[in-house]
Each structure stands twice: as C-alpha cells, then as structure tokens.
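Along the sequence shown, the residues carry numbers beginning at 1. Basis for what follows: all heavy atoms, side chains included, without hydrogens, waters or symmetry-related copies.
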Amino acid sequence: MADARPDRIAVRGLTAHAFHGVYEAERRLGQTFRVDAVLELDTGPAAAGDDLERTVNYAELARALHSVLTGEPVDLLETLAQRLADVCLEDPLVDAVEITVHKPEADLGVPFDDVTVTIRRERT
C-alpha cells in the first residue's frame with residue numbers, strides 16, 4: 001500500500017524586521033518576525049525528471065514570503081499568517097501549507113521565549 005503522507009518542502013526561520021502589531025510602538029519601531037512555511041505537494045514528477053519547473057522554487061518562495069512579511073503592516077499575527085499562506089497557495093503545485101509566524105520580541109510583560117501563530121490551509 002502506498003504511503004499516504006504528502007511530500008513536504010519547508011522554508012524555516014525566514015527573518016525580517018517588520019512593523020506588525022496592535023500597539024503604536026510596534027508600528028513605529030518594528031521588531032523581528034520569523035516565518036516557517038511547510039508546503040505539501042507531490043515532488044515525484046520533479047524528481048523523476050530532475051526538473052525545477054515541476055516543483056516549488058524555494059528561493060522564489062522565500063522572496064515572496066519576505067515581501068509579505070516586510071510589506072503592509074497588520075494588527076494580528078493571524079492576518080499575517082493568512083497572507084503568507086495565500087502566497088504559498090498561489091502556486092498550483094501546492095496542495096496545502098502550514099505557516100508559523102514567530103514574534104519573539106512581543107511585549108508580554110513577563111519573560112518568554114517566543115509567541116507563535118500556526119495555521120494550516122488547503123487548496124479549495
């Protein structure tokens with residue numbers, strides 16, 4: 001019986017200084033954000049033909065995600081994660097994506113390591 005788990009391509013730790021957040025200081029000063037994107041797709045055709053055109057070019061993907069990350073500020077990490085997922089799903093080869101947005105410099109008023117929002121979206 002064939003393995004039902006999808007192939008995955010991951011770009012992890014994509015980092016940028018950006019201005020997302022609900023507080024005025026976050027919008028004015030900005031802070032570090034990190035993104036992990038895990039794409040689900042069939043990489044078999046690309047592997048069989050050793051053909052970049054039959055898979056996701058992760059350098060192009062990284063640039064597109066970075067552009068969203070450094071682009072128009074949003075209040076919520078949830079909104080940012082959705083925008084990043086939408087970029088990934090623009091590629092017709094991508095069946096689903098899991099996006100994690102990290103905000104390690106958030107002001108929580110207590111010591112912490114990281115704040116993250118993770119979403120999973122499938123092609124409809």
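- Two rings, from His102 and Phe33, have their centers 6.0 Å or more apart.
- Formation of a donor-acceptor pair under 3.5 Å by the His20 side chain with backbone atoms of Thr79 is not found in this model.
- For the residue pair Asp36 and Thr100, no side-chain donor N or O sits within less than 3.5 Å of a side-chain acceptor on the partner.
- Between the OH atom in Tyr23 and the CG atom in Asp75 there is a gap of 10.5 Å [rounded to 0.5 Å].
- Applying side-chain contact (heavy atoms from CB on, under 4.5 Å) to Cys88 and the options Val11, Ile99, Val38 leaves one that passes, Ile99.
- Using a distance-only test at 3.5 Å, with no hydrogens or angles considered, no donor-acceptor pair links the side chain of Glu60 to the main chain of Asn57.
- Taking a cutoff of 4.0 Å between a charged side-chain nitrogen and a carboxylate oxygen, Glu105 and Arg34 do not qualify as a salt bridge.
- Tracing side-chain contacts under 4.5 Å through hydrophobic residues (I, L, V, M, F, W, Y), one never reaches Phe19 starting from Val115; they form parts of separate clusters.
- Nearest heavy atom pair, residue Gly44 against residue Asp7, reads N-OD2, 3.9 Å.
- Distance check, rounded to the nearest 0.5 Å: CG of Leu41 to CG of Asp91 gives 8.0 Å.
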List the steps, then state whether side-chain contact (heavy atoms from CB on, under 4.5 Å) holds for Val94 with Glu40. CA-CA 6 Å; Val94 176; Glu40 296 178 7; over 6 Å; no

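- Residues Glu98 and Thr118 share a closest heavy-atom pair of CG-CG2, 3.6 Å.
- More than 12 heavy atoms of other residues, nucleotides or ligands shown are found within 6.0 angstrom of CG on Asp86.
- Ionic pairing of Asp95 and Arg121 is not present here: no N-O contact between side-chain nitrogen and carboxylate oxygen is shorter than 4.0 angstrom.
- Listed here is the closest heavy atom pair of His66 and Ala16: NE2-CB, 3.5 Å.
- Closest approach of Lys103 to Gly21, counting heavy atoms only: NZ-CA, 3.9 Å.
- Considering OG1 of Thr15 and CG of Leu69, their distance stands at 8.5 Å, rounded to 0.5 Å.
- The two residues Ala96 and Glu122 make their nearest non-hydrogen contact at CB-CG, 3.8 Å.
- Contact of the Arg83 side chain with the Val74 side chain is registered, since non-hydrogen atoms from C-beta on lie closer than 4.5 Å.
- Hydrophobic clustering (ILVMFWY, side-chain heavy atoms < 4.5 Å, transitive): Leu76 and Val35 are in distinct clusters.
- Pairing each heavy atom of Leu89 with each of Arg123, the nearest pair is O-NH2, 2.8 Å.
- Leu39 and Leu52 fall into different hydrophobic clusters, where Ile, Leu, Val, Met, Phe, Trp and Tyr residues are linked whenever their side-chain heavy atoms come under 4.5 Å apart, directly or through other members.
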Verify side-chain contact (heavy atoms from CB on, under 4.5 Å) between Val68 and Leu80, making sure each step is shown before the conclusion. CA-CA 8 Å; Val68 171; Leu80 182 58; 4.2 Å; yes

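- By the 6.0 Å contact criterion, CD on Glu24 is enclosed, its count of non-hydrogen atoms from other residues, nucleotides or ligands being greater than 12.
- Within a 6.0 Å sphere centred on CZ of Arg8, heavy atoms belonging to other residues, nucleotides or ligands number 12 at most.
- Considering only heavy atoms from C-beta on, Ile119 comes within 4.5 Å of Gln82 through its side chain.
- Residues Thr116 and Val101 fail the side-chain proximity criterion, which asks for heavy atoms closer than 4.5 Å.
- No more than 12 heavy atoms of other residues, nucleotides or ligands sit less than 6.0 Å from atom CG of Asp50.
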